[in-house]
Amino acid sequence: VYLFRKHMWSHCRPDSWTFNILIRGLCRVGEVDKAFELFSDMGSFGCYPDIVTYNTLITGLCRTNKVDRGCQLLKEVQSRIELSPNVITFTSVISGYCKLGKMEEASVLFDEMISAGVRPTSVTFNAMIDGFGKTGNMGSALAMHQKMLFHGYHSDVFTFTSLIDGHCQAGQLSQGLKLWQEMNGKNVSPSAYTFSILINALCKESRLHEARDFLRQLK
């Protein structure tokens with residue numbers, strides 16, 4: 001930013017790429033407000049934000065739990081004639097709402113995305129599955145999983161881990177263990193978090209020998 005302000009403003013005209021690089025860097029280190037200052041400066045240099053600019057800012061806002069503000073920015077993109085939100089735009093806000101447990105807002109956006117003809121990715125589906133699981137709504141989590149499979153995506157480690165976590169939190173450890181077996185049968189490698197979920201759930205049910213077996217596998 002120092003280099004940009006000292007040299008580029010006085011020696012040459014920056015373009016949208018330059019602004020996007022700086023905005024992305026600031027968002028990655030959590031300096032979203034400073035990123036918006038540069039966003040506001042773009043017009044004075046004859047530069048205009050593109051979908052990359054908006055996606056970067058929306059992702060930055062959602063990562064700092066300012067999801068409502070991110071959603072407002074999404075609405076701004078929708079109101080622009082020359083721009084259209086893409087799957088990254090929608091998924092960033094959907095994921096943000098899911099992390100906050102605001103599944104009603106996430107579901108509205110998900111349906112809106114489908115209606116707009118924007119195809120969700122496995123990341124979108126995994127965010128929704130995880131969000132439903134963490135709020136104890138396993139019926140909706142499993143329904144979303146079926147939609148994911150219908151769209152041609154395969155369950156990955158994030159999908160299985162989210163479903164296992166949801167079942168364990170709902171007191172359905174046997175269902176979680178079935179998914180563990182299915183995961184292994186499909187050669188999907190678990191993460192350390194997958195192990196920790198099951199170890200924790202087994203310990204809560206005083207099944208310590210089985211928990212220790214999982215710990216040995218993890219080691």
Do the side chains of [Y] and [X] get nearer than 4.5 Å, heavy atoms only?
X: P120; Y: T91; value: no
X: V188; Y: S155; value: no
X: Y193; Y: S196; value: yes
X: L109; Y: E112; value: yes
X: L208; Y: C203; value: yes
X: L61; Y: D68; value: no
X: V52; Y: N55; value: no
X: K102; Y: V67; value: no

Go through the steps to decide whether L26 and D33 satisfy the test side-chain contact (heavy atoms from CB on, under 4.5 Å), and finish with yes or no. CA-CA 9 Å; L26 287 166; D33 290 334; over 6 Å; no

Nearest 0.5 angstrom please: [X] [atom1] to [Y] [atom2], how far?
X: L22; Y: E37; atom1: CG; atom2: CD; answer: 12.5 Å
X: I199; Y: D213; atom1: CD1; atom2: CG; answer: 10.0 Å
X: T124; Y: M144; atom1: OG1; atom2: CE; answer: 10.0 Å
X: K186; Y: D156; atom1: NZ; atom2: CG; answer: 11.5 Å
X: R69; Y: L73; atom1: CZ; atom2: CG; answer: 8.0 Å
X: K204; Y: L202; atom1: NZ; atom2: CG; answer: 11.5 Å

Considering all heavy atoms, the nearest [X]-[Y] contact:
X: I129; Y: S162; answer: CG2-CB, 4.0 Å
X: C47; Y: P14; answer: SG-O, 3.1 Å
X: M138; Y: G133; answer: SD-CA, 3.9 Å
X: M183; Y: V157; answer: CE-CG2, 3.7 Å
X: R24; Y: T56; answer: CA-CG2, 3.4 Å
X: M103; Y: F132; answer: CE-N, 3.6 Å

Distance flag, aromatic centroids of F39 and Y54, threshold under 6.0 Å: yes

Joint hydrophobic cluster, [X] plus [Y], side-chain heavy atoms closer than 4.5 Å:
X: V108; Y: V93; value: no
X: L149; Y: L142; value: no
X: L218; Y: I164; value: yes
X: Y48; Y: L74; value: no
X: Y153; Y: I94; value: yes

Side chains of Q169 and D165, donor plus acceptor under 3.5 Å: yes

I'd like to know if the side chain of D50 pairs up with that of T53 as donor and acceptor (distance under 3.5 Å, no hydrogens or angles considered). yes

Are more than 12 heavy atoms, taken from residues, nucleotides or ligands other than [X], located less than 6.0 Å from that residue's [atom1] atom?
X: E82; atom1: CD; result: yes
X: R119; atom1: CZ; result: yes
X: K99; atom1: NZ; result: no
X: R207; atom1: CZ; result: yes

Residue set satisfying side-chain contact (heavy atoms from CB on, under 4.5 Å) with S92, at least two apart, ordered chain then number -> I58, T59, I88

Pair M148-N126, side-chain contact (heavy atoms from CB on, under 4.5 Å): steps then yes or no: CA-CA 9 Å; M148 178 182 181; N126 281 334; 3.8 Å; yes

Check the pair S122, H154 against side-chain contact (heavy atoms from CB on, under 4.5 Å), reporting the backbone distance first and the verdict last. CA-CA 8 Å; S122 59; H154 296 291; over 6 Å; no

Just jot down the ring pair (Phe, Tyr, Trp, His ring centres under 6.0 Å) partners of F110, sequence neighbours excluded, or say none. F125

Indicate the ring-plane relationship of W180 and F195, choosing parallel, tilted or perpendicular according to the 30° and 60° boundaries. perpendicular

Checking side-chain contact (heavy atoms from CB on, under 4.5 Å) for the pair L38/F4: CA distance, chi angles, key distance, verdict? CA-CA 11 Å; L38 284 173; F4 173 74; 3.8 Å; yes

Under 3.5 Å, side chain of H145 to main-chain N/O of A141, donor-acceptor pair present? no

